[in-house]
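Worksheet for the structure shown next.
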Amino acid sequence: MTIEQQLRAAALEAINELYGAQPEEKMLQVQLTRKDQKGDFTIVVFPLLKVSKKKPEETGEDLGRFIQEKLPMVVGFEVVKGFLNLSLSPNFWVERLNELAVNADFGMQPASADAPLMMIEYSSPNTNKPLHLGHIRNNLLGFSLSRIAAANGYRVVKTNIVNDRGIHICKSMLAWQKWGQGATPESTGKKGDHLVGDFYVLFDQHYKAELKEFTEQKGMSKEEAEKASTLMAEAREMLLKWEAGDAEVVSLWKTMNAWVYAGFDVTYKKLGVDFDKIYYESDTYSVGRDMVLEGLSKGLFNRRDDGSVWADLSAQGLDEKLLLRSDGTSVYMTQDIGTAKLRFDDYNIDKMVYVVGNEQDYHFKVLSLLLDRLGFDWGRDLVHFSYGMVELPEGKMKSREGTVVDADDLMEEMVATARDMARELGKLDGYSDEEAEEVYRMVALGALKYFMLKVDPRKNMTFNPAESIDFNGNTGPFIQYTHARIRSIFRKAEEKDIAWKGSAPVGLVLNEKENNLIRSLVSFPNVVREAGAAFSPAIIANYIYDLAKEYNQFYHDNPILFEEDARVRDLRLTLCHAVAQVIKKGMWLLGAGVPDRM
RNA sequence: GGUCCGGUAGCUCAGUUGGAUAGAGCAACAGCCUUCUAAGCUGUGGGUCAUGGGUUCGAAUCCCUUCCGGAUCACCA
């Protein structure tokens, strides 16, 4: 039984015995005492006045006396303005500290073999351009969520759906054929995803020029020009050839996609994310089409005169949704249905989570209804983990205006900043170049990951490049630094032959900072649970920041190795050890590492 | 226009199932390194929690109004 549960039980008993009442769940609130007040746990007495029929102060006193008598670890209480603040004995806290300090699984709930299986889809790139800032948020969220789910006892399968087909790929291919002059990643020294992305841009430029020519010189309207475009017609033709399995087109498609995948792999690796299973839309779209046709034959959907297939969702308060074009080809929705089918054939999925931006809220509402209609019992409770967009201080990223922040560039810049700063501060003197580079990378990525994950995922966020490379204050490096300092203490302890017993002795009086730290540490498992329930890495991020902040205050005010009382020193070293462990775990849940030195 | 999401300090963000005097960081200013890493710590200033109402012992939090911002409503993905 947790301490909160014990306090609740004691309070319930008190109310029953003193006032002869059985309060509802909501009436009894046990929470951590505010930092500016004396005490550890607080019971709010206001809701209980109805049954006590007494003033808040008297009710608080009644309960406090009863609970203190009932529970030996409660050593004192104070009633302040209708709040009953209970103080627990230092020994109680020291015992909790000793338990959690040696528990390798503290805060984590390992998955058993028959634990529910959660599949998490994230990343989901198109193969026509490199990853950018928006993808970074997606990837970091998806990866962190998978670790948080794993820490909450789920078996987790990380998956990715690659949009490798469609008109956009054909645009890049066509541009390469026309103007590429046989360029390859090898011949140009460019990452494959960037090279292909360049051709996509090139197509767009030529297309725009063509439109301009038609409208300005031939006096066409914009629509007329779009219809008359020979480039677009060629791209469409290429798509038809692709769907027909034309050997030459398919071969080029395979080649160029391979370049992109090689490029993506490098980016994923640098970002530190990975997948257990990757699906490709080129494999799933036909499955989706078959399912839609099957649904059509069962009367779930309807076909219009032009041959297109639609789902009528007006009964669910939505409108009609296209599932197959009049020419029989698949749309986005069709592909997602096919992908879902394949996934559920491959795995025994209990919970399906899609990490996709909030601009697709409607899409997933519809997908959920459609899967349900098609008879998948998991359709209705699929989770669309809907996160907000990333904007720049000057507004949205616009590829036309060249304000898109490239993922590879961003990471490189941050590593360079970390390197400069560490060298300037002389932090890693004595490390080999390889060791130092490792730390630069860890700090840079820690900064990026923390920066993006500390914000509530549902909200839009502003990415300020200047702030992202600031490693002071509420940042990933601040947390990593706290960890490095602690590791440094233990290195020094060895050098100075100061022995640490590995646990804290009972019978000490705790100062305020020590007490606060233990209370924070004890709440870590709750934080992991909350983050899991709310699908929010931000809850973890904010918690470790608070913990690190508290630790730094403690560190500043209290001697650790220089403490002469060996018993107090053991307590503080145990605290340091536990804080380092929890910081490391918390950062791990965010997908970030912590260095021993920095 | 319909639907959905959001609005908290100059800026970026926290704020638990409604609880005590709404908190951090950045920026500004003033301090702290001959002691365990100053990527740190301490202090000062900075708020009609967009707005108006309601619910109640108590509202940034729940309900409604209005204003502002964003997303979405494609034979795009």
Side-chain angles (χ1 to χ4, degrees), chain A residues 25-26 29 31-37 42 44-47 49-50 56 80-83 85 124 126 163 166-168 281 304 306-310 317-319 321-327 329 331-333 335-336 357-363 365 386 388-389 391 393 396 418 421-422 424-427 443 447 451 454-456 458-464 466-467 470-482 484-493 496 498 526-527 530 534 538-539 541-542 545-546 548-549 552-553 555-563 572 576 597-598:
Chain A
E25 272 289 301
K26 290 207 80 172
Q29 298 171 37
Q31 49 200 231
L32 282 173
T33 302
R34 286 168 55 116
K35 286 224 184 76
D36 54 1
Q37 297 287 331
T42 294
V44 186
V45 305
F46 285 112
L49 301 182
K50 273 181 209 151
V80 184
K81 294 201 290 187
F83 296 89
N85 298 329
S124 317
N126 290 341
N163 181 9
I167 191 76
H168 51 284
E281 286 188 355
R304 288 187 184 170
D306 62 5
S308 57
V309 176
W310 297 74
L318 305 174
D319 52 12
K321 188 76 192 171
L322 177 83
L323 298 179
L324 289 176
R325 297 192 186 96
S326 51
D327 63 3
T329 55
V331 292
Y332 183 38
M333 189 63 74
Q335 291 165 183
D336 264 358
N358 62 10
E359 73 270 14
Q360 293 190 32
D361 285 355
Y362 183 73
H363 173 81
K365 207 181 273 182
S386 165
M389 329 189 52
E391 289 171 15
K396 286 182 200 168
M421 192 170 297
E424 191 183 319
L425 297 170
K427 292 287 189 176
V443 171
F451 190 88
K454 72 175 176 182
V455 181
D456 183 340
R458 290 166 309 175
K459 293 186 181 172
N460 288 358
M461 66 173 293
T462 305
F463 183 87
N464 186 326
E467 280 176 24
D470 183 355
F471 295 167
N472 302 312
N474 187 356
T475 65
F478 169 86
I479 293 160
Q480 293 171 319
Y481 177 68
T482 307
R485 271 176 148 184
I486 295 175
R487 298 314 315 158
S488 173
I489 290 171
F490 283 95
R491 280 195 302 274
K492 280 273 156 58
K496 297 186 180 208
I498 295 174
N526 293 333
V527 172
E530 266 178 54
I539 291 174
N542 288 312
Y545 173 69
D546 287 339
K549 181 103 189 128
N552 280 319
Q553 292 166 1
Y555 175 94
H556 184 264
D557 295 348
N558 297 281
I560 298 164
L561 293 178
F562 292 106
E563 170 58 44
R572 293 186 180 157
C576 290
R597 278 182 61 183
M598 68 180 274

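Below, each value reflects all heavy atoms present in this structure, side chains not excepted, and no hydrogens, waters or symmetry copies. Labels below follow one simple rule: chain letters A, B, ... track the order of the sequence lines, proteins then strands, and each chain is numbered from 1.
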- How far, in whole Å, is B:U8 from B:A50 if one measures between their C1' atoms? 10 Å

- Check whether any side-chain N or O of A:K549 sits under 4.0 Å from OP1 or OP2 of B:G40, and answer yes or no. no

- Message: I'd like the P distance from B:G58 over to B:U21, given in whole Å.
- Response: 14 Å

- Task: Take atom P in B:A22 and the same atom in B:C49, then report the distance between them in whole Å.
- Result: 10 Å

Pairs under 3.5 Å (N/O, protein and nucleotides 20-23 of chain B):
residue	atom	partner	partner atom	Å
B:A20	OP2	A:R34	NH1	3.4
B:A20	N6	A:T42	OG1	3.0
B:A20	N6	A:N85	OD1	3.2
B:A20	N1	A:N85	OD1	3.4
B:A20	N1	A:N85	ND2	3.3
B:U21	OP1	A:K81	NZ	3.1

- Query: The side chain of A:N472 lies closest to which of these nucleotides: B:A39, B:U42, B:C36?
  - Reply: B:A39

- RNA chain B in dot-bracket, Watson-Crick or G-U pairs under 3.5 Å, [ ] crossing, | other strand? (((((((..((((.....[...)))).(((((.......))))).....(.(((..]....))).))))))))....

Using a cut-off of under 3.5 Å, enumerate the N/O to N/O pairs linking the protein to nucleotides 10-14 of chain B.
residue	atom	partner	partner atom	Å
B:C13	OP1	A:T462	N	2.6
B:A14	OP1	A:D456	N	2.5
B:A14	OP2	A:K459	NZ	3.2

- Task: Could you check which of B:C36, B:C73, B:A39 has an atom nearest any side-chain atom of A:M598?
- Result: B:A39

- Take the angle between the ring planes of A:Y332 and A:H363 and call it parallel below 30°, perpendicular above 60°, tilted in between. parallel

- Sticking with atom C1', work out how far B:G10 lies from B:A28, rounded to a whole angstrom. 10 Å

- Task: Look at A:R572 and B:C36 and indicate whether a side-chain polar atom (N or O) is within less than 4.0 Å of OP1 or OP2.
- Result: no

- Rounded to whole angstrom, note down the C1' distance from B:A9 over to B:C63. 28 Å

- Using the test side-chain contact (heavy atoms from CB on, under 4.5 Å), find all partners of A:A418 that sit at least two apart in sequence or belong to another chain. A:Y440, A:V443, A:A444, A:F471

- Under 4.0 Å: is that the gap between some side-chain N or O of A:Q360 and OP1 or OP2 of B:A77? no

- Message: Return whichever of A:E359 or A:E530 has its heavy-atom-nearest nucleotide of RNA chain B closer to the 5' end.
- Response: A:E530

- Would you please name every residue forming a salt bridge (Lys or Arg N to Asp or Glu O under 4.0 Å) with A:R325, sequence neighbours left out? none

- Message: Between B:G70 and B:A60, how many Å separate the two P atoms, rounded to a whole number?
- Response: 28 Å

- Item | Whole-angstrom distance between B:A27 and B:C41, as gauged at atom P | 14 Å

- A:K26 (side chain) and B:U17 (base): donor-acceptor pair under 3.5 Å: no

- Query: Does A:Y362 make a side-chain N or O approach to OP1 or OP2 of B:U72 shorter than 4.0 Å?
  - Reply: no

- Item | A:K492 vs B:U37: side-chain N/O to OP1/OP2 distance below 4.0 Å | yes

- With sequence neighbours excluded, residues passing side-chain hydrogen bond (donor to acceptor under 3.5 Å, both in side chains) with A:N460: none

